Number of protein chains: 2
Amino acid sequence: MIIQIEPLSDIPIYTQITNQMIEGIARGYMKPGDSLPSVRTFAADLGVNMHTVNKSYHELEKKGIISIIPKSGAIINSPDKTEMHIKRITEEFKPVIAEALVLGWEKEQIQELVMSIMIDLKKE
Amino acid sequence: MIIQIEPLSDIPIYTQITNQMIEGIARGYMKPGDSLPSVRTFAADLGVNMHTVNKSYHELEKKGIISIIPKSGAIINSPDKTEMHIKRITEEFKPVIAEALVLGWEKEQIQELVMSIMIDLKKE
DNA sequence: TCCTTTGTTCTATTTTTAATATAACAGATT
DNA sequence: AATCTGTTATATTAAAAATAGAACAAAGGA
């Protein structure tokens with residue numbers, strides 16, 4: 001799982017790690033049950049501090065995507081159909097959809113873009 | 001156009017203003033051609049600093065949503081069908097869609113959520 | 001059992017960003 | 001002429017991000 005950090009980005013490093021991990025899992029590069037690298041080795045690979053990776057892992061745990069087993073490691077969760085985090089996902093979608101609408105996108109165009117992104121992420 | 005600032009939020013104030021302005025325009029509370037309040041009066045209304053509002057306005061301008069006329073004021077743009085900002089909108093959608101997929105959402109469920117948000121924003 | 005690795009916790013410092021506070025400027029608006 | 005506008009500048013404070021180093025106690029492998 002290769003992750004590219006952009007030091008000049010206005011997106012915090014720990015968020016860059018979080019997002020790229022999520023995208024990597026969505027693309028199937030990592031699967032439920034897989035272990036994540038330890039915060040130390042991963043930090044060394046990325047050239048960042050241990051605590052930065054640790055913060056990203058806890059962000060992933062808060063989102064329900066991984067489980068951190070104390071003193072042991074982190075493992076990617078199996079999706080739980082009863083826990084869709086619908087409220088959070090809704091709040092994350094809303095500003096993007098509102099922005100597209102304000103810029104003049106038609107509902108159908110937005111649906112098409114969303115579909116094309118899903119297909120891109122799902123194709124292996 | 002009423003805007004509610006949450007001082008304790010981890011979202012910066014200027015981003016809260018930006019997002020709520022966009023949602024307000026999407027809902028039709030403000031329309032293309034309308035003037036935004038001056039940065040000073042709006043800042044006074046919200047109880048924040050002038051520069052904070054100013055930063056939000058420039059964020060909105062960068063997104064192509066308003067035009068700032070120097071020494072005069074800010075006006076909401078008419079949507080320009082030839083300028084959909086497709087690359088930026090795609091990059092904004094991607095992490096949210098990836099997160100939903102990783103949490104086990106089906107493509108159809110995501111499409112339904114997106115549609116319901118669009119309907120909610122469009123209903124007046 | 002011993003040794004290494006693990007996440008955790010703690011303190012500390014540096015850097016960057018966000019937010020506020022004033023002030024002054026020059027064009028626009030009335 | 002007087003006011004209002006966004007702009008620019010400088011300064012300060014507050015908060016967040018990132019780094020650094022150390023120590024701990026449990027887990028896990030040899």
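Source: prediction; values computed, not measured. All chains are named by letter (A, B, ...) in the order of the sequence lines, taking the proteins before the strands, and each is independently numbered beginning at 1.
Candidate nucleotides D:dT7, D:dT5, C:dA21 were compared by shortest atom distance to the side chain of B:Asn49, and C:dA21 ranks first. With D:dA17, C:dA18, C:dT6 as the choices, the nucleotide that has an atom nearest any side-chain atom of B:Pro12 turns out to be C:dA18. Considering only side-chain atoms of A:Ile13, the nucleotide from D:dT5, D:dA18, D:dG6 that sits closest is D:dA18. Which of C:dT8, D:dA20, D:dA17 sits closest to the side chain of A:Tyr14 comes down to D:dA17.
Protein atom CD of A:Glu59 is 10 Å distant from nucleotide atom P of D:dA18, rounded to whole Å. For A:Asn54 and C:dC10, the CG to C1' distance is 13 Å, given to the nearest whole Å. Residue A:Phe42 contributes atom CZ, which lies 16 Å from atom C1' of C:dG7 at whole-angstrom precision. Taking atom CZ of B:Arg40 as the reference point, atom C1' of D:dT8 lies 11 Å away to the nearest angstrom. As a whole-Å value, the separation of A:Ile5 CD1 from D:dA17 P is 15 Å. Counting to the nearest Å, the C1' atom of C:dG7 and the NZ atom of A:Lys71 are 6 Å from each other. A straight line from CE of A:Met50 to P of D:dA22 spans 12 Å, rounded to a whole angstrom. Rounded to whole Å, the distance from OH on B:Tyr57 to P on D:dG6 is 7 Å.
The only member of B:Glu23, B:His85, B:Arg88 that meets side chain to side chain contact (heavy atoms under 4.5 Å, CB included) when paired with A:Glu99 is B:Arg88.
The residue among A:Thr52 and A:Ser72 whose nearest nucleotide of DNA chain D is located toward the 5' end is A:Thr52. The nearest heavy atom of DNA chain C to A:Pro37 and to B:Ile11 marks one nucleotide each, and the one closer to the 5' end goes with A:Pro37.
Within the 4.5 Å cutoff, side-chain heavy atoms of B:Ile110 are placed close to those of A:Phe93. Residues B:Phe42 and B:Thr52 form no side-chain contact, since every pair of their non-hydrogen atoms from C-beta on lies 4.5 Å or further apart.
Heavy atoms of A:Asp10 sit nowhere under 4.0 angstrom from any nucleic acid atom.
Listed pair B:Ser38 / D:dT5 meets the phosphate criterion, a side-chain N or O lying under 4.0 Å from OP1 or OP2. Here A:Lys55 reaches the OP1 or OP2 of D:dA17: one of its side-chain N or O atoms lies under 4.0 Å away.
Judged by distance alone with a 3.5 Å cut-off, no donor-acceptor contact links the side chain of A:His51 to the base of C:dT8.
Interatomic distance, B:Ile68 CD1 to B:Lys62 NZ, rounded to the nearest 0.5 Å: 12.0 Å.
Scanning all heavy atoms of the two residues, the minimum distance from B:Leu121 to A:Lys94 falls at CD1-O, 4.4 Å.
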